[in-house]
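Worksheet: one structure, shown below.
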Amino acid sequence: MSTRRQFLKAGAITVGGFIVPWKQGMANTTSLPLDPAEIPKFVDPLPIPAILKPRGKGKNAASYKVTMTEFQQQVLPAGLPATTVWGYEGSYPGPTIEARRNKPVIVKWINELPNQHFLPIDTTLHGSEPWQPEVRTVVHLHGAHTKPQFDGWPEDWYTSNQRKNFAVFRYKNDQEPAALWYHDHAVGNTRLNVYAGLAGLYNIRDKVEEALNLPSGDYEIPLLLQDRSFSEDGSLFYPSVSPVPTAPVPSVIPIFAADTIVVNGKTWPYLEVEPRKYRFRVTNGANGRPFRLQIIPDAAPETSLPFHQIGTDGGLLGAPVPVGKRAPDGKPAGPQVTVAPAERADLVVDFSSYSSGDELTLENINIPDFPFRDPATTGLVMKFKVIESKGEDTSVLPAALRPVPRLDPADAVKTRNLTLDRVTDEYGRPKFLLGNARWMDPITEKPRLNTTEIWNFINTTPNGHPMHVHLVTFGVLSRRLFDVEHYKATGKIIYLSPPDKMLPPNENGMRDMVRVPAGSVVQIIAHFNIPGKFVWHCHLLDHEDHEMMRPFQVVPGRRRGHKDRDDDEKDQHDDD
Ligand code: C2O
Ligand code: CU
């Protein structure tokens with residue numbers, strides 16, 4: 001009996017009034033579900049994505065060519081069938097791009113994918129109508145401070161059989177060093193394209209960070225965390241039947257939590273570690289699953305190995321924050337590392353108190369408002385196997401890292417109240433909106449160029465949503481519970497908790513993602529300094545594809561004669 005079916009049988013789980021698990025129903029494959037309990041764990045090493053080599057290194061920019069194709073990859077352990085995936089440069093995840101601060105990078109993103117999707121398309125979603133091509137892609141560099149024409153506007157997709165099956169994007173990298181990631185962003189199909197494998201990592205570095213002497217080279221390890229469900233023939237499974245009986249088939253579903261954990265494109269891998277410090281750069285690349293991470297020594301499973309968080313989405317924190325502790329009763333104590341989809345966490349873990357032969361498990365511990373976790377499968381992420389030291393650890397974990405470039409609320413020229421809403425669509429499905437508006441409704445958020453604004457994300461829905469704003473790296477001013485019913489009746493916010501209670505120090509850096517829990521208001525502050533149209537959205541990809549995404553436009557300021565030294569001309573070469 002498959003776990004997926006057991007899960008279904010077990011799970012008439014209701015979250016906020018709708019049932020979340022999906023029915024097996026009409027799948028994209030005729031093969032039976034692969035039981036995650038039967039997938040051998042920690043048998044294959046963690047793959048490290050290759051560093052992409054530039055085609056040319058002009059004095060102005062490093063240029064790259066990246067092609068999207070369909071291919072087979074051994075995502076499951078050796079011995080099980082290979083999986084058909086989509087990837088960049090023949091790899092899932094794609095190769096990592098290493099950039100330097102203020103040194104531009106030009107990427108020619110080429111679509112050579114087939115014209116048919118292998119996952120179920122919902123043609124009732126905006127942008128995915130039956131007359132649209134099935135396979136449409138456009139790349140977004142998540143976290144990038146970039147011009148709108150290079151940001152991957154969701155409707156600027158292209159296909160492989162178009163005359164121009166590529167886009168050339170220029171990234172200036174004029175921002176704090178950070179771990180960014182690139183992924184597909186085609187309107188209506190983002191969840192399917194990313195699930196198929198279209199994601200990769202992109203680091204920005206500088207001398208200041210390097211001078212900190214954090215663990216580097218072989219001791220800095222990227223961890224792209226995702227979940228996937230497989231069929232017995234190795235194919236990827238994505239549900240096509242909504243729990244809502246009146247929904248079309250295939251249909252988008254309220255949220256997809258898959259049953260198998262995949263790190264850097266490999267199910268439940270292991271990593272050999274020396275007894276020393278490591279820097280782990282964690283990116284949650286899952287469609288809908290959040291992770292809460294602890295490291296558990298196998299010899300003492302009631303304890304944990306505490307570690308430090310040193311950075312968030314937007315770069316380093318001011319100082320390392322101790323995280324991942326357990327109280328004597330085994331419960332989490334103090335700040336924990338929680339990463340919702342698209343959030344990043346920069347971690348330093350010290351294995352020096354262990355010796356060769358010891359093993360530790362990176363676990364995904366329980367998150368109270370996310371019930372789709374099975375301790376024996378999705379509760380496990382990967383294994384660390386301690387080996388002999390290969391030399392002295394000369395890296396350091398400095399007491400102070402880097403001043404966080406905070407924005408001052410006194411500089412904000414505008415505060416916007418932006419609701420997260422839940423409505424029902426014409427098929428009876430729950431649908432989430434932003435400011436009660438749909439993707440195609442007129443633009444209502446128009447910050448003036450070179451101004452700072454405060455945005456209040458007011459979550460009136462019974463679900464948490466990880467919110468993302470393109471272009472900016474923002475500060476989080478507060479996260480507070482509020483009286484939802486009173487707000488709905490009067491439009492007035494009554495706070496039920498103090499401003500900082502729900503804002504742990506390890507999350508309080510500069511961000512491009514912020515979790516907005518059910519019944520909370522999260523206040524962010526951002527500076528808008530590139531004109532043009534961008535998007536903001538929930539990063540649960542099932543929500544994003546189903547109207548929980550809105551445009552915003554940075555418009556010229558009132559001050560006349562203000563010249564933002566513009567090199568639009570130079571940047572416009574949209575050809576290669
Ligand atoms: Cu990571 Cu608009 O996306
Ligand atoms: Cu959402």
Side-chain angles (χ1 to χ4, degrees), residues 15-16 18 20 93-94 127 137-146 148 150-157 169 178-191 193-195 198-202 224-226 252-257 283-290 313-314 339-344 369-370 418-423 429-435 438-439 457-474 511-520 522 533-552:
V15 174
F18 60 87
V20 179
T137 65
V138 59
V139 183
H140 168 58
L141 177 55
H142 181 121
H145 179 249
T146 189
F150 310 131
D151 194 47
W153 180 255
E155 288 169 352
D156 282 352
W157 48 259
F169 288 171
L180 279 50
W181 65 299
Y182 58 92
H183 62 75
D184 197 69
H185 216 304
V187 65
N189 272 10
T190 295
R191 71 195 185 292
N193 292 353
V194 173
Y195 192 82
L198 292 178
L201 304 172
Y202 184 114
L224 179 68
L225 309 183
Q226 297 181 309
V252 70
I253 52 167
I255 188 172
F256 181 37
T283 299
N284 183 342
N287 281 31
R289 174 183 294 282
D313 318 317
V339 279
E343 282 190 286
R344 281 90 74 210
D369 49 7
F370 192 85
L418 303 164
T419 51
L420 283 53
D421 322 285
R422 184 185 158 207
V423 297
R429 303 177 292 195
K431 176 165 86 170
F432 298 96
L433 299 175
L434 298 171
R438 293 163 306 167
W439 166 247
F457 294 131
I458 304 170
N459 188 352
T460 70
T461 80
N463 311 79
H465 304 269
M467 293 298 301
H468 174 44
V469 185
H470 286 212
L471 172 67
V472 296
T473 306
F474 54 75
R511 320 287 325 240
D512 51 57
M513 290 298 312
V514 68
R515 295 196 307 284
V516 186
S520 75
V522 171
K533 276 198 296 179
F534 299 91
V535 304
W536 61 289
H537 58 88
C538 172
H539 220 291
L540 301 178
L541 301 184
D542 301 288
H543 295 186
E544 172 181 345
D545 276 349
H546 192 196
E547 300 289 1
M548 204 175 189
M549 174 166 74
R550 288 282 293 152
F552 72 92

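Since the structure is predicted, the reported quantities are computational estimates derived from the model, not experimental observations. Just so you know, ligand 1 is whichever comes first in the structure, and atom 1 is the first atom listed for that ligand. Basis for what follows: all heavy atoms, side chains included, without hydrogens, waters or symmetry-related copies.
The main-chain N or O of V339 is found under 3.5 Å from a side-chain atom of N284 such that the two form a donor-acceptor pair. The main-chain N or O of N463 is found under 3.5 Å from a side-chain atom of T461 such that the two form a donor-acceptor pair.
Across all their heavy atoms, T473 and G314 have their closest contact at CG2-CA, 3.8 Å. Of all the heavy atoms in H465 and L540, the pair that sits closest is ND1-CD1, 4.3 Å. Shortest non-hydrogen contact noted between N193 and A186 is ND2-CB, 3.8 Å.
The Cu ion (ligand 2) has C538 among its coordinating residues (N/O/S atom, backbone or side chain, under 2.8 Å).
Excluding waters, the protein N/O/S atoms found under 2.8 Å from atom 2 (Cu) of ligand 1 are H185 NE2, H470 NE2, H537 NE2.
Taking the Cu ion (ligand 2) as reference, H465 places its N/O/S atom ND1 nearest. For the Cu ion (ligand 2), the nearest N, O or S atom contributed by H543 is named ND1. Looking only at N/O/S atoms, H183 comes nearest to atom 1 (Cu) of ligand 1 through NE2.
Taking the six-membered ring for Trp and the full ring otherwise, the centers of H470 and H537 sit less than 6.0 Å from each other.
A salt bridge is absent between K533 and D151; no separation between the charged side-chain nitrogens and carboxylate oxygens falls under 4.0 Å.
A distance of 11.5 Å separates OG1 in T283 from CE in M513, rounded to the nearest 0.5 Å.
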